[in-house]
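Below: the structure, in structure tokens.
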Amino acid sequence: MCLHSFLQGLLMPSASTLFRQLYADRGAKGQIFFFDFKAPGSGAIPLTIQGDFNTSDFHPHGIDYWKDKTSGKVFIFVVNHRRKFDAVEKFEFVPTAKALKHVHSYVDQAIYFINDVAVTGENSFYFTNFLSSRSQIWGAFEIYLMLPLGSISYFDGSYYETVEEGYLMPNGLALSLDKTYLYMATSINGAIKAFKRQGNAGQLIFVQEVKLYTSADNPTINPLTGHLLVGAQPILFKTAHTLEDPHLPSASQVLHFELTDGILSKTTELYANDGSVLYSSTVASLYGNQMLIGTINQKLLFCEVRTM
């Protein structure tokens, strides 16, 4: 079952002129959707946003959540590429109303061109700065020269700190179920890097790098097994074409990694397509034998996994 068409709200600071024009012409807008794996036929349901929040300047990208064990409340943290600066938006999920209530905007000079967020507490998170600047010209220059100016930073509730730097376009993040390990995808180098957290602090110790020979985008953790999924694009130059013009097809791939004591081991390819069905897969979520795959700017694909 395929859901939704092109341009559902992602508008990165580095977006091309053609992409921005298509975005405007189609009246695309930033939204967050709810998908129930127990009722997949309902499709992806857009959540309304409550509170004092400018939805016209909402361009969501990376996303993570935190559940308060005492109150049971669920908080959604979302990367937002605002027109003038990037932010991390915090919402409280209101399931009875299928809504998000805006709680807080995290804005700081440490947040400049972020890609993803990994939440460690009700008011703390890691995030990747994909490039060192929001400037289209400098961003293109940085990519062309392959300058390793990306980083991982941590906000502990009071202070922002860069904890890892010197990476080429660091992409998505995911935390292990026990929050002990942090996994980062790198698109250009095509790898997953694993780090071990030092207690409850933001400091990281590098423990593993796995070369994928594909462009890794976003890792996610299976909530039932604790294993890792990675959305990827095996032909990167075609993905670049899709980023320029979302009508141009590009290949998709989803990889599954078993985790043993935080270390990535057995790998299984769960999905692969040349672009005839799905353009540039970015992320996947697995629940039992059901999988939902997301893309950069095309559609969602819901499918049954039979290879595990």
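The figures here come from the full heavy-atom set of this structure, side chains too, leaving out hydrogens, waters and symmetry mates. For clarity, every value in this text was computed on a predicted model and none was experimentally measured.
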Test of understanding: clusters of I, L, V, M, F, W, Y form through side-chain heavy atoms closer than 4.5 Å, transitively. Do [X] and [Y] belong to the same one?
{"X": "Val103", "Y": "Ile49", "value": "no"}
{"X": "Phe141", "Y": "Leu131", "value": "no"}
{"X": "Leu47", "Y": "Phe53", "value": "yes"}
{"X": "Val107", "Y": "Phe91", "value": "no"}
{"X": "Phe34", "Y": "Val78", "value": "yes"}

Does [X] reach the side chain of [Y], with side-chain heavy atoms less than 4.5 Å apart?
{"X": "Leu264", "Y": "Ile192", "answer": "yes"}
{"X": "Thr242", "Y": "Ile296", "answer": "no"}
{"X": "Lys38", "Y": "Tyr287", "answer": "yes"}
{"X": "Ser56", "Y": "Phe58", "answer": "no"}
{"X": "Gln198", "Y": "Ile205", "answer": "yes"}
{"X": "Leu292", "Y": "Leu300", "answer": "yes"}
{"X": "Ser281", "Y": "Tyr271", "answer": "no"}
{"X": "Ile76", "Y": "Ile63", "answer": "yes"}

Taking atom [atom1] of [X] and atom [atom2] of [Y], what is their separation to the nearest 0.5 Å?
{"X": "Glu258", "Y": "Thr268", "atom1": "CD", "atom2": "OG1", "value": "6.5 Å"}
{"X": "Leu301", "Y": "Asn273", "atom1": "CG", "atom2": "CG", "value": "8.5 Å"}
{"X": "Asp274", "Y": "Ile235", "atom1": "CG", "atom2": "CD1", "value": "8.0 Å"}
{"X": "Leu236", "Y": "His241", "atom1": "CG", "atom2": "NE2", "value": "10.0 Å"}
{"X": "His227", "Y": "Ile221", "atom1": "NE2", "atom2": "CD1", "value": "10.0 Å"}
{"X": "Thr267", "Y": "Leu212", "atom1": "OG1", "atom2": "CG", "value": "7.5 Å"}

I'd like to know if the side chain of [X] and the backbone of [Y] have a donor-acceptor N/O pair within less than 3.5 Å.
{"X": "Asp68", "Y": "Ser71", "value": "yes"}
{"X": "Asp245", "Y": "His247", "value": "yes"}
{"X": "Ser252", "Y": "Leu278", "value": "yes"}
{"X": "Asn115", "Y": "Thr128", "value": "no"}
{"X": "Asp217", "Y": "Ala232", "value": "no"}
{"X": "Lys193", "Y": "Pro170", "value": "no"}
{"X": "Thr295", "Y": "Gln298", "value": "yes"}

Original post:
Between Tyr106 and Phe127, is a ring pair (Phe, Tyr, Trp, His ring centres under 6.0 Å) present by the stated rule, with each step listed?
Top reply: CA-CA 12 Å; Tyr106 298 92; Phe127 59 94; 9.7 Å; no

Original post:
Does Phe75 have Lys67 sitting over its ring (NZ/CZ under 6.0 Å from centre, angle to axis within 45°)?
Top reply: no

**OP:** For the pair Asp57 and Arg82, evaluate salt bridge (charged side-chain N to carboxylate O under 4.0 Å, His left out) and give the outcome as yes or no after the intermediate values.
**Re:** CA-CA 6 Å; Asp57 196 15; Arg82 296 184 182 183; 5.1 Å; no

Minimal non-hydrogen separation, [X] against [Y], with atom names:
{"X": "Leu286", "Y": "Pro223", "value": "O-CD, 3.7 Å"}
{"X": "Gln233", "Y": "Ser280", "value": "CG-CA, 3.8 Å"}
{"X": "Pro46", "Y": "Ala44", "value": "CD-O, 3.7 Å"}
{"X": "Asp64", "Y": "Ala118", "value": "OD2-CA, 3.3 Å"}
{"X": "Ile114", "Y": "His61", "value": "O-ND1, 4.2 Å"}
{"X": "Leu228", "Y": "Pro219", "value": "CD1-CB, 3.8 Å"}

Original post:
What do the steps show when you test Tyr160 against Ser153 for side chain to side chain contact (heavy atoms under 4.5 Å, CB included), and what is the final call?
Top reply: CA-CA 7 Å; Tyr160 293 87; Ser153 294; 5.9 Å; no

Original post:
Is the Phe125 ring parallel, tilted or perpendicular to the Phe77 ring (thresholds 30°, 60°)?
Top reply: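 Because their plane-to-plane angle lies in the 30° to 60° range, the rings of Phe125 and Phe77 count as tilted.
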
Original post:
Are Phe37 and Phe35 near enough that their ring centres are under 6.0 Å apart?
Top reply: yes

**OP:** For side-chain hydrogen bond (donor to acceptor under 3.5 Å, both in side chains), just list the numbers for Glu161 and Gln203, CA-CA rounded to whole Å, side-chain angles, deciding distance to a tenth of an Å, and then say yes or no.
**Re:** CA-CA 9 Å; Glu161 180 183 7; Gln203 297 302 312; 2.9 Å; yes

**OP:** Applying side chain to side chain contact (heavy atoms under 4.5 Å, CB included), run through Thr220 and Val230 and close with a yes or a no.
**Re:** CA-CA 6 Å; Thr220 59; Val230 181; over 6 Å; no

**OP:** Applying side-chain hydrogen bond (donor to acceptor under 3.5 Å, both in side chains), run through Gln50 and His102 and close with a yes or a no.
**Re:** CA-CA 6 Å; Gln50 303 173 345; His102 189 250; over 6 Å; no

**OP:** Using the side-chain hydrogen bond (donor to acceptor under 3.5 Å, both in side chains) rule, collect all pairs that involve residues 138-150, keeping only residues at least two apart or in two chains.
**Re:**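 The answer is Ser132-Trp138, Ser132-Glu142, Trp138-Glu142.
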
Original post:
Quick one: side-chain hydrogen bond (donor to acceptor under 3.5 Å, both in side chains) pairs with a partner in residues 177-187, sequence neighbours left out?
Top reply: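 Of all non-adjacent pairs touching residues 177-187, those that pass side-chain hydrogen bond (donor to acceptor under 3.5 Å, both in side chains) are Asn171-Ser187, Ser176-Asp178, Asp178-Thr180.
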
**OP:** Considering only Ile, Leu, Val, Met, Phe, Trp and Tyr, and joining two whenever side-chain heavy atoms are under 4.5 Å apart, list the other residues clustered with Leu175.
**Re:** Tyr126, Ile152, Tyr154, Val163, Tyr167, Leu173, Leu182, Met184, Phe195, Leu204, Phe206

**OP:** For the residue pair Gln253 and Glu269, confirm or rule out a side-chain donor-acceptor distance under 3.5 Å.
**Re:**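 Gln253 vs Glu269: donor-acceptor pair found between side chains.
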
**OP:** Determine, stepwise, if the pair Gln290 / Glu304 fulfils side chain to side chain contact (heavy atoms under 4.5 Å, CB included).
**Re:** CA-CA 5 Å; Gln290 301 177 98; Glu304 180 181 357; over 6 Å; no

